[in-house]
Amino acid sequence: MKIKSFVEKAELRRRLVAALREDMLVEPKDATIEQFYRALASTLRDLMGEKRRHFSARTAFRAQKQVHYLSMEFLPGRSMKNSLYNLCLDGVAAEVLSEWEVRLEQLYECEPDAGLGNGGLGRLAACYLDGLATDGFSATGYSILYKYGIFKQKIIDGWQTEQPDYWIPGGDVWLAPRPDQATEVRFGGVVSDWWEAGIHRIEHTGYETVTAVPHDLYVSGYDSEAVSVLRLYQAKSPGVDMEKFNRGDYLGAFGATSVAETISNVLYPNDSHLEGKKLRLRQQYFLSAASVGDIIHRHLSTYGSLDRFAELNAIQINDTHPVLAIPEMMRVLLDDCGYSWERAYDVVTRVFAYTNHTVMAEALEQWDENLMAELLPRIIQIIREINERFCRALKEKHGCSDAAIARMAPVAYGMVRMANLAVAVCHSVNGVSTLHSKIITTDVFPDYYKVAPYKFKNVTNGIASRRWLCQANPGLTALLRETIGEGFLHDFSQLSRFAKYRSDPAVLERVLAVKRENKVRFAGYLREKTGAVISPDAVFDVQVKRLHEYKRQQLNALNIIADYQAIKADPGREFTPRVHIFGAKAAPGYFLAKQIIKLLCTLGQQLEGDRDVAGRLKVVFLENYSVTLSELLMPSADFSQQISLAGTEASGTGNMKLMLGGAITVGTLDGANVEICDAAGMENELIFGMRAHEVGELRAAGYDPGAVYAQDPVLKTALDALVSGELGDRFRELYDALRYTDRYMALADFAAYREAMKRSDGVWLDRRGFAEKSLLNTAASGVFCADRAVMDYARDIWGLDN
Ligand SMILES: *Cc1c(COP(=O)(O)O)cnc(C)c1O
């Protein structure tokens with residue numbers, strides 16, 4: 001298959017030189033690396049903008065359904081490498097730059113990560129824009145242009161500190177501002193309504209207006225004609241308050257500016273946890289209203305009327321954060337377009353679909369009705385009306401009990417329950433792995449499942465496989481090309497052909513050699529960045545993800561402590577050298593999570609300073625885990641730690657990135673780990689611990705962590721180390737949480753985990769066996785490509801077949 005670059009070399013050169021001369025007023029021979037970075041970035045941005053315009057013209061001509069993906073978070077990481085790769089321009093760009101002795105790697109290093117998300121949820125959204133464009137869909141992602149993205153993590157004395165991530169200075173070159181397409185969003189004020197000649201009149205007065213200015217970031221499909229747009233809204237005050245200004249109230253006049261503009265100031269750094277703050281609600285409505293306005297406006301400007309709107313638009317809401325888009329669209333149709341309630345509701349139910357991302361109670365969003373009434377007086381009216389009609393239908397049409405209705409109501413007990421609102425209205429509700437989608441029907445929305453089982457679907461998550469394989473892991477990519485050809489680049493299911501080589505000694509050798517090269521590369525990076533020295537001959541055991549008790553980094557830590565104690569008790573024993581690599585940000589207000597980071601850092605130091613363990617057991621905590629860091633790390637992992645309590649991790653995508661790079665999963669049967677086992681074979685992973693139903697049974701029977709502690713001497717000694725002082729520091733709160741509550745049952749799974757980790761030594765020492773397992777994991781990972789996930793959404797939810 002011959003892949004064609006998007007423009008010829010001469011054209012790319014011409015544009016690059018023009019960007020340097022005209023935008024930066026510099027001759028190429030005098031330009032700095034930073035200037036080359038900016039010039040190439042703006043060149044690629046403009047190329048992708050042109051490509052998108054051509055594509056949009058074609059989709060309008062064909063009346064192709066538009067996909068809109070609303071998400072409060074997107075975590076794209078860097079754009080340059082991915083854009084060059086997807087436009088098939090990487091080789092061409094390298095040649096062009098070589099004329100001035102500039103290397104692409106130097107330019108990549110200039111780019112900050114666009115960190116407009118916390119973790120998996122935002123990264124998923126970014127992966128889907130890539131998959132959507134590659135599959136040829138016409139897609140727009142909608143989010144907020146946070147001035148400060150996810151904080152930069154700095155570890156000081158083992159404790160996480162947060163620094164603002166002001167990414168705009170290097171990131172803005174990727175953004176195309178569209179002030180001409182700005183929309184107005186209203187907050188507060190008073191709504192009055194009356195009937196006049198049979199028409200329901202609404203008047204909204206005294207509101208505050210915030211202008212939403214879009215900035216577009218393009219994501220090209222890989223070797224396809226499509227380009228996705230990520231439309232990021234910046235909040236701007238519509239201007240100075242002239243009335244106040246004229247009265248001489250200068251500060252007041254500009255005060256509104258700063259209040260309005262705080263909306264797009266910062267990303268809330270919580271993951272799987274709701275903080276019921278007014279500003280957060282303002283952010284959610286800001287995004288919802290701006291995107292709904294834009295979607296409707298774009299449709300009208302192409303088709304002239306809304307008659308075919310529901311047929312030509314699909315809106316996916318990523319978790320409940322943008323659910324206000326539903327009442328907002330009702331508002332526009334009712335108040336601005338004169339629709340009847342029934343017609344408006346019909347449109348909305350056909351257009352919206354909802355993805356649930358968590359079963360955790362603290363993450364299921366609820367907003368105080370009074371707060372919402374104060375901030376969004378018209379929206380709360382519409383939500384209450386939806387609620388009343390919906391509850392009435394439950395009673396009259398479905399014969400639901402009052403208790404069931406109370407559980408299902410979108411508004412109850414003074415709270416607006418965003419998930420209920422989403423499930424009540426949307427035509428589709430999906431979980432993100434088979435297990436999670438099942439739990440949704442049995443535990444999260446069982447009443448809804450009885451009433452409308454047809455709404456419930458599953459789309460197992462997927463990742464931008466080309467990013468983590470072709471761009472991040474060139475060694476493995478080359479081996480795949482040589483063995484199975486290039487078809488997998490367009491169709492990742494073809495990775496399965498790699499399995500044929502499971503007994504080929506030469507290929508297995510290569511698998512090990514590639515892994516070692518990647519480990520050498522990572523060790524080199526680590527040494528240069530931090531001074532830490534790790535041996536590529538040791539096992540690289542990786543747990544990277546947000547820090548949360550349910551993900552159970554503490555379980556991993558307890559096992560390391562137990563290993564440490566075993567070595568101390570018998571320094572002469574055999575021990576397979578292992579480096580435990582962690583990376584994780586904690587929500588700034590989440591003390592236990594921060595204490596777990598402190599524990600990991602303390603362990604790292606303690607082990608480093610102990611001559612009995614030196615060179616055998618190490619803990620490395622990587623500062624500031626990010627997309628770019630993950631691209632470097634994932635290909636070098638031997639083992640992938642996916643040890644959440646069964647039933648808590650909706651899917652996971654880190655597990656998929658690691659599997660693709662040939663790491664073996666040490667995991668519970670949770671989220672997509674279940675499907676990883678199905679795909680690669682249970683015998684090629686290291687599975688341990690309770691199943692989801694066993695967790696439920698244990699909880700129902702009354703879980704007593706103290707009893708587990710008392711009965712397992714290895715666990716007892718390890719846990720006691722948290723408060724004995726033998727680690728050089730004490731971790732009282734963590735100790736108490738584990739010993740007396742242990743909400744995520746780390747102690748209950750400890751023995752099984754330790755046994756699985758012991759097995760992993762054997763798996764590792766059998767080099768040929770390890771290579772085979774590694775190869776089979778890569779070969780089975782094709783199903784976890786975002787290209788596939790997007791096709792599932794298109795077929796099962798959006799009613800699109802391309
Ligand atoms: C993939 C990814 C995640 C998600 O990791 P999980 O293990 O699925 O929780 C989080 N953060 C970053 C930077 C990622 O790339």
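Whatever order the structure lists ligands and atoms in, that order sets their numbers, starting from 1. Because only heavy atoms are used, hydrogens play no part in the values below, and waters and symmetry mates are left out as well, while side chains stay in.
- Closest to atom 6 (P) of ligand 1 among all protein heavy atoms lies Gly654 N, 3.7 Å.
- Here Leu629 has no heavy atoms under 4.0 Å from ligand 1, in either its backbone or its side chain.
- The option from Lys551, Met656, Met634, Arg546 that lies nearest to atom 9 (O) of ligand 1, judged by heavy atoms, is Lys551.
- The proximity of Ser626 to ligand 1, defined as any non-hydrogen pair under 4.0 Å, is limited to the backbone.
- In this structure, the protein non-hydrogen atom closest to atom 8 (O) of ligand 1 is Thr653 N, 2.8 Å.
- Residue Glu683 qualifies as enclosed at atom CD: its count of foreign heavy atoms under 6.0 Å is above 12.
- Applying the 4.0 Å criterion to heavy atoms of Gly652 picks out, from ligand 1, the atoms 8 (O).
- Neither side chain, Ser636 nor Asn518, offers a donor N or O lying under 3.5 Å from an acceptor on the other.
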Quick one, Val459 with Val432, criterion side chain to side chain contact (heavy atoms under 4.5 Å, CB included). Give me CA distance, side-chain angles, the key distance, then yes/no. CA-CA 5 Å; Val459 179; Val432 288; over 6 Å; no
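- The shortest contact between atom 15 (O) of ligand 1 and any protein heavy atom is with Lys657 NZ, 2.6 Å.
- Here Lys152 does not pair with Glu162 in a salt bridge; the nearest charged N to carboxylate O distance is not below 4.0 Å.
- Heavy-atom proximity to Gly119, at under 4.0 Å, picks out these atoms of ligand 1: 10 (C), 11 (N).
- Taking the centre of each ring, Tyr753 and Phe688 come in below the 6.0 Å mark.
- Those atoms of ligand 1 that come under 4.0 Å of a heavy atom in Val544, given as number and element, are 7 (O).
- For atom 7 (O) of ligand 1, the nearest protein heavy atom (residue, atom name, distance) is Lys545 NZ, 2.7 Å.
- Every atom of ligand 1 is numbered from 1 in the order shown, and the set under 4.0 Å from a heavy atom of Ser630 is 15 (O).
- Under a 4.0 Å heavy-atom criterion, Ile463 is not in contact with ligand 1.
- Of all protein heavy atoms, the one closest to atom 11 (N) of ligand 1 is Tyr625 CE2, 3.6 Å.
- Geometric assessment of Lys585 against the ring of Tyr625 yields a negative cation-pi assignment under the 6.0 Å and 45° thresholds.
- Scanning the protein heavy atoms around atom 4 (C) of ligand 1, the nearest turns out to be Gly120 CA, 3.5 Å.
- Taking 4.5 Å as the limit, some side-chain heavy atom of Arg466 sits within range of a side-chain heavy atom of Asp787.
- Residues Leu70 and Asn318 form no side-chain contact, since every pair of their non-hydrogen atoms from C-beta on lies 4.5 Å or further apart.
- Residues Tyr222 and Tyr85 place their aromatic rings such that the two centres sit under 6.0 Å apart.
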